[in-house]
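A quick note: this is a predicted structure, and the numbers were derived from the prediction, not measured. Letters A, B, ... are given to chains in the order of the sequence lines, protein chains preceding strands, and every chain is numbered from 1.
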There are 2 protein chains.
Amino acid sequence: MQSFTEENYLKIIYHLAEKTSNVQTNAIAEQIQTKPASVTDMIKKLAEKGLVDYVKYQGVTLTEKGKHAAVDIVRKHRLWEVFLVDKLNFKWDEVHDVAEELEHIRSVDLIERLDEFLGFPKSDPHGDPIPDKNGRFAKTQFIKLIELGIGDSGTITGVSQHSSPFLKHLEKLGLTLGKQIQVSDVTDFDGSVEILVAEKQINISREVAKHILISSNGKN
Amino acid sequence: MQSFTEENYLKIIYHLAEKTSNVQTNAIAEQIQTKPASVTDMIKKLAEKGLVDYVKYQGVTLTEKGKHAAVDIVRKHRLWEVFLVDKLNFKWDEVHDVAEELEHIRSVDLIERLDEFLGFPKSDPHGDPIPDKNGRFAKTQFIKLIELGIGDSGTITGVSQHSSPFLKHLEKLGLTLGKQIQVSDVTDFDGSVEILVAEKQINISREVAKHILISSNGKN
DNA sequence: TAAAATTTTTAGATTTACCTAAAAATAAAA
DNA sequence: TTTTATTTTTAGGTAAATCTAAAAATTTTA
Ligand SMILES: [Mn+2]
Ligand SMILES: [Mn+2]
Ligand SMILES: [Mn+2]
Ligand SMILES: [Mn+2]
């Protein structure tokens, strides 16, 4: 069994590995809000436990065992987020920190029953997929809104940033999961994007457009 | 804010103080499954934080601040137990260990919303009262079944033992919360008690009768 | 490819929550 | 009221997860 802290490391490494195959010490340190020296210590420990493969100075990768453990935590995190939003009426920008704690509660029974209670949801309040109890989930294929061209349309199905200010901002703009959007213009000057959503024309910054994930209706 | 460990100490001290005013080091050690020397260390720390009053060799008592913190954890523990039983269909003998972890999740918002979601329950699956958000709750007055005389009757409203084997045993005997019982005989030989429950005559050991709490219909 | 910059690791400490063994205080028994 | 038993505390140490400062390796730049 892993400690609370080890679980956090595994999850962070898992998420970082979605972007780069070899996860760097500094990247982990930044995410976990600690110093690189501490990360090196923990990596050694995880390597001894067979949860990561580690070659000095070459970064880490999760072993199958480590990946399994990480996915298990991701599953718990996302199921709890669904619980908080669907049952306790939290907003999608309020759930992250609490889920960060709840994900470490260890009881297989608890999470299976929670899954059932929630109706076996397939994705969390941010559109992220929820692994099933065997750790399997469909690799969803998103396009970043920023990558769409003028005339392209699609549905908002995810966000790649979970900070409260960002999510509150989207909410205010009416850009929530499931909304249909169409790109009507891209401003040369600052790269901001003009989109049509709910029959309204709005302008969003490049920065915002980068973090909205669209399941495309196909290019125009 | 208190650590996970400090919270456990506060809760244990609170429960022990329900029986004896001055809580002893050894009693805490036994409950918390640690050594008396470790308890002394922790008590000193809690005293420094103003959570307990401590006089060397004289045991501890919770300060108002400490009591408040302890009641808060008890509230969380019991609300989570209600959640597990009412919403996730756990049995009353299965909830304790998980609640032991869940009680440490810190988010005021979470617990208030959970309370509301559960319909502001007044007691947990074992009949124990749930403090409101200000820490107030009615001191329920129970009589131990063992203290009833022949002919006395009442309703099962609590248990003073939460171990799974004990609770499973009660379940099997049909002795669950809310059941009406009447004492029909007390065996001289072993002190076992014959009771009438759901129109059936059953015999329970002294040991069992000691841990069943009755709200009496009045003596006969 | 040598110098400079960056990344990562080691060495040595600190803090928290434990432990064992032994000493000190208190309570119970003789 | 001694002696004995029990309870509690102190002293000194360990393991987990962190830190700072400095050394070593790797990567980038010139
Ligand atoms: Mn976490
Ligand atoms: Mn999420
Ligand atoms: Mn606990
Ligand atoms: Mn209970």
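Between the CD1 atom of B/Ile28 and the P atom of D/dT8 there is a distance of 9 Å, rounded to whole Å. To the nearest angstrom, P of D/dT26 lies 14 Å from CG of A/Asn22. Between B/Glu7 atom CD and C/dT16 atom P there is a gap of 16 Å when expressed in whole angstrom units.
For B/Asn26, a side-chain nitrogen or oxygen approaches OP1 or OP2 of D/dT8 to under 4.0 Å. Between A/Ser38 and the phosphate of D/dC19, there is a side-chain N or O to OP1/OP2 separation shorter than 4.0 Å. The phosphate of D/dT18 has OP1 or OP2 within less than 4.0 Å of a side-chain N or O from A/Tyr9. For the pair A/Lys56 and C/dT10, the criterion of a side-chain N or O lying under 4.0 Å from OP1 or OP2 is met. At the phosphate of D/dT8, neither OP1 nor OP2 sits under 4.0 Å from any side-chain N or O atom of B/Tyr54. A close approach under 4.0 Å does occur between a side-chain nitrogen or oxygen of A/Thr40 and OP1 or OP2 of C/dT9. Contact between the side-chain N/O atoms of B/Thr5 and the OP1/OP2 oxygens of C/dT16 is not found at any separation under 4.0 Å. In this structure, B/Thr25 reaches the D/dT9 phosphate: one of its side-chain N or O atoms is under 4.0 Å from OP1 or OP2.
By the 4.0 Å N-to-carboxylate-O rule, A/Lys49 lies close enough to A/Glu6 to be salt-bridged with it.
The nucleotide whose nearest atom lies closest to any side-chain atom of B/Lys35 is, among C/dT20, C/dT7, D/dT9, C/dT20. Here C/dT9 is the nucleotide among D/dT8, D/dC19, C/dT9 with the atom lying nearest to any side-chain atom of A/Tyr57. In the set D/dT18, C/dT9, D/dT10, the nucleotide with an atom closest to the side chain of B/Ala37 is D/dT10. Between D/dT18, D/dA24, C/dC18, one nucleotide has an atom nearer to the side chain of A/Met42 than all others, and that is D/dT18.
Comparing B/Lys44 and A/Asp41 against DNA chain D, the residue whose closest nucleotide sits nearer the 5' end is B/Lys44.
For the pair B/Lys87 and A/Phe83, the NZ or CZ position fails the cation-pi test of under 6.0 Å to the six-membered ring centre and within 45 degrees of the ring normal.
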